[in-house]
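Here is the structure we will look at, set down as structure tokens.
Note that the coordinates shown come from a computational prediction; the quantities given were computed from them, not determined experimentally.
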Amino acid sequence: MRADLLNDPVDGLDEALAAVDGFDGVLVDGLLRPGPAQAAGLAGLADAVAGSPLAGRVAEAAGKTAAGAGGEDHFVALAAARTALLGSVHDALVARIGEAVGRPPAGESGAAAATGADHAANLHAAARSWLCDLARAGWRGIDHELVAGAAPVVSAMLPDPALRRLAALLDGFAAELAASCPGASLERVPVRRWADLWSRAVLLTLPGAASAPAVGEATGRLLPLGVDVQEHATAVQAQVHAVFEPADGGAPRLVRASASAPKPDTVLGAGLWQLLRPHLSLLAAVGEGRAVDLDAMPVTGEGDLLWDDARARAGEPAEVFATARVALPAAAFPTAPLDRHPARIAVPVLLEGYAVEEDGGAVVFQVAGQRLVVDTDRVPAAGPLTPEAVASSGACVGLLRWDAGEFLLQPLAVERTVRKRTVAVHAGAWAGGTTDKAGVRAEKAATDAVKVLRERAGKLLRK
């Protein structure tokens with residue numbers, strides 16, 4: 001890896017992020033009566049896209065909004081400009097990663113499938129109206145009455161699968177806002193996060209934006225690299241990153257397969273796998289260290305496998321580090337047009353021959369004389385991989401991410417020497433089950449917790 005490229009500045013990056021930050025600051029106090037500072041933020045956003053096809057519409061939107069006369073169309077244009085700027089940041093960072101690892105991205109994936117007429121235009125319009133009311137009030141101006149305006153829209157959308165993506169986003173966003181009301185009393189506003197959620201939701205209300213992505217078929221061999229576990233108090237998701245080798249001899253590519261499940265807050269650690277296994281048989285193959293043979297498995301242009309157990313069967317043993325050394329260097333990674341955002345960057349990489357240092361509790365890899373911070377906070381408690389194992393490793397397969405202005409590495413698996421033997425430790429080693437004492441205890445605790453909750457639920461339903 002050319003680690004020096006990860007630390008070199010990217011042309012135009014700071015300027016693009018400064019324009020985004022300027023607009024995000026505008027949303028804090030709202031667009032109802034913009035002041036001079038807000039007008040400057042709006043003008044900065046318009047200047048940043050002056051050389052793009054959005055230039056005319058965004059300049060008009062910025063001018064009208066700064067004068068307090070902004071309407072829905074103007075707010076949509078501003079959301080589009082912000083999204084385009086962050087998309088350009090994403091593209092620049094992904095291109096830099098491609099240079100550093102010698103593995104160019106696959107370019108943009110295909111656009112979403114055409115939908116014809118706008119589906120449920122009235123519900124999209126209602127959602128857009130609520131989002132525009134939020135923008136006028138600003139994060140400091142939110143109250144329970146304003147936030148509650150999302151509830152009827154979400155309730156009307158949820159029964160329709162075509163609208164569920166936007167409904168889930170609006171529901172989660174409204175819940176965060178409600179937990180922070182009144183906005184005037186907030187000590188700290190999550191400025192970037194709420195602006196991200198707002199701008200994405202605005203664009204998803206446009207015709208065709210939330211359409212299902214184009215889907216193809218994948219036939220060949222799937223070689224898992226690792227599992228990224230994302231846990232919330234009431235939900236958990238496991239995302240398997242893998243290399244797919246087409247049976248027709250085509251170029252290998254990086255793909256993902258995901259499973260999500262609701263969870264009680266008493267289910268922790270290795271107990272999470274019990275909730276996820278019924279939704280994704282691939283986890284068993286990950287735990288056993290096996291490849292999976294796919295037969296016409298649905299896959300989107302972005303590399304997301306729409307998992308169907310009937311189209312998959314366990315294959316031969318496949319060691320993660322062998323896959324990373326042999327197949328990963330040639331595997332391209334696709335980019336989804338609407339999902340181009342720096343926070344979504346997660347590129348699998350292999351690192352070897354690094355030195356390890358600990359800086360104030362943080363683990364840092366020294367790669368060819370360059371520092372690369374390891375994000376050990378992302379190491380899940382649902383597996384045997386620990387920060388201590390990472391700190392004593394000599395090789396690492398991980399996800400290269402970008403956060404707070406720098407590249408970080410999220411470990412998925414490491415190789416370390418134990419009693420003169422090289423041992424691999426995987427974050428997803430317990431995904432298919434485990435005989436490890438700690439894992440067995442966590443699984444039993446989860447079984448007991450779920451059993452008690454089911455009994456209580458049954459009693460409530462009988463009443």
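Across every non-hydrogen atom of Ala238 and Trp273, the tightest pair is CB-CZ3, 4.1 Å. Scanning both residues, Val320 and Leu225, for their nearest heavy atoms gives CG1-O, 3.3 Å. The two residues Ala201 and Leu170 have their closest heavy-atom pair at CB-CD2, 4.1 Å. The minimum heavy-atom distance linking Trp307 with Ala257 is given by the pair CE3-CB, 4.1 Å. Residues Ile345 and Arg401 approach most closely at O-CG, 3.4 Å, considering heavy atoms. Minimum interatomic distance between Pro342 and Leu93 (heavy atoms only, all atoms of both residues): CB-CD1, 4.2 Å.
More than 12 heavy-atom neighbours from other residues, nucleotides or ligands sit within 6.0 angstrom of CZ on Arg256. Within a 6.0 Å radius of CZ in Arg193, other residues, nucleotides and ligands contribute 12 heavy atoms or fewer. Within a 6.0 Å sphere centred on CG of Asp4, other residues, nucleotides and ligands contribute more than 12 heavy atoms.
Between the CG atom of Leu17 and the CG atom of Asp14 there is a distance of 6.5 Å, given to the nearest 0.5 Å. Atom-to-atom distance recorded for Leu177:CG and Leu134:CG is 6.0 Å, nearest 0.5 angstrom. With values rounded to the nearest 0.5 angstrom, Arg82 atom CZ is found 5.5 Å from His341 atom NE2. Rounding to the nearest 0.5 Å gives a distance of 12.5 Å between CG of Asp171 and CZ of Arg164. With rounding to the nearest 0.5 angstrom, the CG atom of Leu32 is 10.0 Å from the CD atom of Gln38. We find the CG-CZ distance between Asp196 and Arg344 to be 11.0 Å, quoted to the nearest 0.5 Å.
Qualifying side-chain hydrogen bond (donor to acceptor under 3.5 Å, both in side chains) partners for Trp430, counting only residues two or more places apart in sequence or in other chains: Thr434. For His426, there are no side-chain hydrogen bond (donor to acceptor under 3.5 Å, both in side chains) partners, not counting sequence neighbours. A search for side-chain contact (heavy atoms from CB on, under 4.5 Å) contacts involving Ala19 returns Ala48, Leu85, not counting sequence neighbours. Legend: residues meeting side-chain contact (heavy atoms from CB on, under 4.5 Å) with Val299, ordered by chain and number and at least two apart, are Ala218, Arg253, Leu305. With sequence neighbours excluded, the residues that form a side-chain hydrogen bond (donor to acceptor under 3.5 Å, both in side chains) with Gln237 are Ser260.
The shortest distance between side-chain heavy atoms of Val227 and Leu412 does not fall below 4.5 Å. By the 4.5 Å heavy-atom criterion applied to side chains, Asp24 and Val20 are counted as neighbours. In this structure, Leu223 and Glu245 have side chains that are in contact, with non-hydrogen atoms separated by less than 4.5 Å. The side-chain heavy atoms of Pro411 and Leu385, taken from C-beta on, include a pair separated by under 4.5 Å. Using a 4.5 Å heavy-atom threshold, the side chains of Val397 and Pro348 count as separate. Between Glu231 and Leu272, the closest side-chain pair of non-hydrogen atoms falls below 4.5 Å. Between Glu217 and Met297, the closest side-chain pair of non-hydrogen atoms is not below 4.5 Å. Between Leu372 and Leu400, some side-chain heavy-atom pair lies under the 4.5 Å cut-off.
With respect to the salt-bridge test (charged N to carboxylate O, under 4.0 angstrom), the residues Arg165 and Asp339 qualify.
A donor atom on one side chain and an acceptor atom on the other are not found under 3.5 Å apart for Gln230 and Gln239. Looking at Trp139 and Ser180, their side chains never bring a donor and an acceptor atom within 3.5 Å of each other. Of the N and O atoms on the side chains of His241 and Asp228, not one donor lies less than 3.5 Å from an acceptor on the other residue.
Judged by distance alone, the side chain of Ser393 and the main-chain N or O of Val390 form a donor-acceptor pair under 3.5 Å. A donor-acceptor pair is defined here as one N or O able to donate and one able to accept, closer than 3.5 Å; such a pair exists between the side chain of Ser155 and the backbone of Ala151. In this structure, the side chain of Arg128 engages the main chain of Thr205 through a donor-acceptor pair within 3.5 Å. Between the side chain of Thr300 and the backbone N or O of Asp304 there is at least one donor-acceptor pair closer than 3.5 Å. No side-chain donor-acceptor contact under 3.5 Å links Arg2 to the backbone of Ala100. Put simply, the side chain of Arg140 gets close to the backbone of Leu186: a donor and an acceptor are under 3.5 Å apart. Although no hydrogens or angles enter the test, the distance criterion places a donor-acceptor pair under 3.5 Å between the side chain of Arg277 and the main chain of Ala431. Judged purely by atom type and a 3.5 angstrom limit, His279 has no side-chain atom pairing as donor or acceptor with the backbone of Leu276. Put simply, the side chain of Ser392 gets close to the backbone of Ala389: a donor and an acceptor are under 3.5 Å apart. Between the side chain of Arg96 and the backbone N or O of Leu5, at least one donor-acceptor pair lies under 3.5 Å.
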Worked check of side chain to side chain contact (heavy atoms under 4.5 Å, CB included) between Leu169 and Arg200: CA-CA 9 Å; Leu169 173 56; Arg200 184 171 182 80; 4.1 Å; yes
Please evaluate residues Thr323 and Leu328 with respect to the criterion side chain to side chain contact (heavy atoms under 4.5 Å, CB included), reporting the C-alpha separation (whole Å), side-chain torsions for both, the decisive distance (0.1 Å), and the verdict. CA-CA 6 Å; Thr323 297; Leu328 183 57; 5.7 Å; no
Step by step, work out the side chain to side chain contact (heavy atoms under 4.5 Å, CB included) result for Arg57 and His74. CA-CA 8 Å; Arg57 295 187 65 177; His74 299 128; over 6 Å; no
Walk me through whether Phe75 and Val202 qualify under side chain to side chain contact (heavy atoms under 4.5 Å, CB included). CA-CA 8 Å; Phe75 294 169; Val202 168; 5.8 Å; no
Identify every side-chain donor-acceptor pair in residues 373-383 under 3.5 Å, counting partners at least two apart or on other chains, and give the distances.
residue : atom : partner : partner atom : Å
Asp375  : OD1  : Asp377  : N            : 3.4
Asp375  : OD2  : Arg378  : NE           : 3.3

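A perpendicular orientation is assigned to the rings of Trp402 and Phe407, their planes being inclined by more than 60° (bins at 30° and 60°).
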